[in-house]
Structures are given as C-alpha cells and as structure tokens.
Student: 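Pasting a structure below so you can have a look.
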Amino acid sequence: MSHLVILGGSDGTVSAFRAARRMGLTTICVDMRPDAPGVGEADEFLHISTRDVPAIAAALRGRAGLAGLLAPGTDINLPSLVELARMLGLPCGLTEETLRASTDKLYFRQVCERLGLPGPRYATDPALRPPLPVIVKPVDSGSSRGITICREPGEVPAAMAHAADVSPSGRVIIEELLTGEDLCAEGMLQDGRVALLGLSRRVTAPPEVVAVGHDMAPGDGVLEKEVTRQLELVCGDLGYSDGPLNVDLFVNDGEVTLVEMGARIGGNGLGEALGLMHGVDTVEAAVRLAVGERPDLTPTRRGPASVRVLRAPAAGTLAAIEGLASLPESAEVVVVAKPGDQVVPYTECRAKLGYVVDHVPADLDALIRIDVR
C-alpha cells in the first residue's frame, strides 16, 4: 500500500485527502490539532507540529510504501515539505527559489521587480513607506492574518505591530494600496507552461479584506494571456515547471499586477473550482505530482465555477448548520465546524465554517441557516 503524507489538517486539505482516497492511497495527516478537519479524513494521524521536521522525519523514516508529501491550502507548510522531501528522498517539484517566493512576500516583490513586471511601491521601513493609503501585512504569514489598510499616518505603527505579531520572522511589508479589480488566479503548470488557468473575482463583505466567495469564469482571452505570460515568466525565473499555483493579482486599465503567489493548491475551494471550470480533477492532479506521477491536464469543458464560504453571523457556540441538504446535487460541500464549536465572525480565512463549490453561485443566505448561541 502506498502512503501520502499531508502536512496540515486545515479545511484546505480536505479535498486532497478525498482525492487520495479515490486513487487508492492511504493518507497520513500531520498536525498539532487533533480536532483539525483533515484528521477525520485521514487513515492515520501524527500528532506533531508541521514545523517540527526532525520529529516528522523520525516518525516516517523507514516506513514501507511512503510515496509522497503534499501541503495544500497554505504556504506555511511548504518549507517543511521541501526539507522532508529531501530528508526522506521523496518527490518534490519546488526549487528553493520557488519556496522563497511562496513564503516571503518581499522576495516575490523583488522577483517581479527584477523581471520588469508592474508592481506597487513598497517598503519595510515606515520612514520610507509609499504615500497613503497603504496596506500593511506580514512578510511571511498566510490566511489573511495581520493585514491592515491604513488611510491615516497614525494608523501605521499599530498596523505594523499587529502584522509583526503574527509573522513567524517578525518582518512586515508596507505596500501602496492597489486599485482596480482584485482577482485570484488558480492554475496548473506542466512543462513550464500554464496548462490550466482560472481567474476568479472575489466576493467580499466588510471589512473587505477576506473574500467570502469567488466567481470563476472564462474571459475573452486577452486578460488570461497576459496573466499566463507573467506567471510563466516568474515561474521560469524560479525554476518551477510542474505543479499548482495560487496567485493574487490586480487589474487596472488593462495592466496586470501580480501581488503574491503560492506554489500549492489554493484554499477556500479554489483548487476544486479550477477543476470544475475545466473538467479536470486538479486536486487529484496535485496528488499525482506529489507521488511522482504525471497527471493528464487535458480540459474536457470550459465553464463557470463558484465558491461560497460558510461563516458564522456572530461569535458564540455553534448550535447547528441547517439546510445543506437543499443545495444542488452538483455542489461539493466541505464543512469543518460542528455543533459545540466556538466560532467567530469571518474576518480571516481560518474562521470559516466550510465552503460550497458549484457551477453557479449558491445563495447561502437563502438556503442555509447557521445557528450561533
């Protein structure tokens, strides 16, 4: 029996566990949280921090049938994936440069700048910050944590302290606040080319930093070609040729600005949405790459796909999520909260209760009732 090790058990890993099961792989979940959503999806659980590489290696070394490693849904576990793959002799398509670009927002800005691509003005020193308004964020934290938009000078010091507090390295970047259309790009690379691409528009709610949904649809081709050109340029520079991509970008008067990238399956259902759009199981494709196989990325359709996040209306104890049975049969539903859990309003990605992926947007407010007491 072949085993796939999945680093992390967040909601962004659930689809990967399910894809591996469909492929006949047994799965091992590594996480510090025994109640993480992925734990219940896995065949085996290692109660170890994903950052404790020596402990994970010791638990896995010498195990028969170990086929690969995967770290979907977040960039935080990519450093451990690269190090473990090297220690255990397992497949890994990430170069050191790709890893750094995925986990260091400042380095990604420098790569784009070196390649002559558009980008916001930025600084790490508040004395050199761009003109207001600016966005302050940790250099190396994910899940939209520590991000603040500052419109007044007096807001910057507190925003920097907040960002530094959630940054593993304590480093912060201050960027010019971009205007235009805020998009997400989900893609799959094969042989250095973007084989599949889906551009999605964020559906936001106050405070308008965290997306509560995404609408992915085919465009006229012009925008997709420019995004593809820039992504292939960046990935070629980084030496990344095969695997998933998750990218934030802005479009203003036709100019595309890449904001940040992750060489992994996107969270919040974006990986599943890309597959739904093209008729390709993109999550399964990422699993195949993780175990050293070459996936078939031939599209079988081209149509819209949407994601909507299940979120609590208030802080408290979750009593029930009602109405899931009323969703269309075509919908893929991932629920990561259960009655009795303490929940909070959705101001960052890890506060979600789950998500729904389908061809058309689900009106969750009309179909789903989330009871919090």
Side-chain angles (χ1 to χ4, degrees), residues 3-21 25-63 66-96 98-105 138-146 165-171 243-244 246 260-268 270-271 283 286-287 289-291 334 336 348-352:
H3 310 295
L4 175 69
V5 179
I6 297 183
L7 299 176
S10 69
D11 60 276
T13 68
V14 170
S15 61
F17 282 106
R18 294 175 179 176
R21 185 182 306 118
L25 297 167
T26 61
T27 54
I28 303 170
C29 176
V30 181
D31 203 294
M32 270 298 290
R33 290 178 50 204
D35 62 341
V39 174
E41 301 281 343
D43 296 295
E44 184 180 342
F45 173 52
L46 293 182
H47 191 191
I48 305 172
S49 168
T50 55
R51 298 189 184 190
D52 192 347
V53 172
I56 300 170
L60 296 174
R61 190 174 283 114
R63 184 179 293 227
L66 204 58
L69 297 154
L70 192 64
T74 176
D75 303 318
I76 293 172
N77 295 326
L78 294 181
S80 295
L81 181 145
V82 172
E83 189 174 354
L84 282 166
R86 183 172 60 246
M87 293 172 69
L88 299 173
L90 295 171
C92 181
L94 300 186
T95 63
E96 289 295 334
T98 305
L99 172 62
R100 188 176 176 192
S102 297
T103 57
D104 188 326
K105 296 176 177 64
V139 163
D140 51 0
S141 183
S143 300
S144 301
R145 288 181 294 167
D165 189 52
V166 301
S167 165
S169 66
R171 295 184 300 138
N246 177 258
E260 56 189 69
M261 68 163 274
R264 43 80 179 177
I265 303 169
N268 282 357
L270 281 171
V283 178
V287 173
L289 282 167
V291 298
V334 173
V336 298
E348 58 181 57
C349 292
R350 61 180 177 175
K352 75 173 73 65

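All values below come from the heavy atoms of this structure, side chains included, with hydrogens, waters and symmetry mates left out.
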Student: Report yes if some heavy atom in the side chain of S80 is under 4.5 Å from a heavy atom in the side chain of L78; otherwise report no.
Tutor: no
Student: If I compare all heavy atoms of G8 with all of C29, which pair ends up nearest, and what's the gap?
Tutor: O-SG, 3.8 Å
Student: Where do L70 and A16 come nearest, in terms of heavy atoms and distance?
Tutor: CD2-CB, 3.8 Å
Student: Checking side-chain contact (heavy atoms from CB on, under 4.5 Å) for the pair R51/I76: CA distance, chi angles, key distance, verdict?
Tutor: CA-CA 9 Å; R51 298 189 184 190; I76 293 172; 3.3 Å; yes
Student: How far does OG1 of T103 sit from CG of N77, to the nearest 0.5 angstrom?
Tutor: 11.5 Å
Student: Where do E260 and D75 land on the side-chain contact (heavy atoms from CB on, under 4.5 Å) test, with the steps shown first?
Tutor: CA-CA 11 Å; E260 56 189 69; D75 303 318; 5.6 Å; no
Student: Contact between T13 and E41 at the side-chain level, heavy atoms closer than 4.5 Å - yes or no?
Tutor: no
Student: Quick check for you: to the nearest 0.5 Å, what is the distance between R86 atom CZ and L81 atom CG?
Tutor: 11.0 Å
Student: If you round to the nearest 0.5 Å, how far is NZ of K105 from CG of D140?
Tutor: 7.0 Å
Student: I need the M32 CE to L46 CG distance, nearest 0.5 Å.
Tutor: 12.5 Å
Student: Please check: side-chain N/O of S102 versus main-chain N/O of A263, any donor-acceptor pairing under 3.5 Å?
Tutor: yes
Student: Just wondering, do L7 and V30 contact through their side chains at under 4.5 Å, heavy atoms?
Tutor: yes
Student: Would you mind reporting whether N268 and K352 have side-chain heavy atoms less than 4.5 Å apart?
Tutor: yes
Student: Going from CG on L60 to CD1 on I48, what distance comes out if it is rounded to the nearest 0.5 angstrom?
Tutor: 7.0 Å
Student: As an exercise, state the distance from CG of N246 to CZ of R264, rounded to the nearest 0.5 Å.
Tutor: 4.5 Å
Student: Ignoring hydrogens and angles, tell me if any N or O in the side chain of T27 forms a donor-acceptor pair with the backbone of F17 under 3.5 Å.
Tutor: no
Student: So which atom in A57 and which in M87 form the shortest heavy-atom distance, rounded to 0.1 Å?
Tutor: CB-CE, 3.6 Å
Student: So L66 and R61, do their side chains get closer than 4.5 Å, heavy atoms only?
Tutor: no
Student: May I ask you to decide if R33's main-chain N or O and D31's side chain share a donor-acceptor pair within less than 3.5 Å?
Tutor: yes
Student: Evaluate the side-chain proximity of L289 to P91: yes if any heavy-atom separation is below 4.5 Å, no if none is.
Tutor: no
Student: Within a strict 4.5 Å, meaning less than it, do heavy atoms of the P72 and I6 side chains meet?
Tutor: yes
Student: Side-chain contact test, heavy atoms from C-beta onward, threshold under 4.5 Å: evaluate it for L84 versus V5 and give yes or no.
Tutor: no
Student: Can you see which heavy atom on L4 is nearest to which on A20, and at what distance?
Tutor: CD2-CB, 3.9 Å
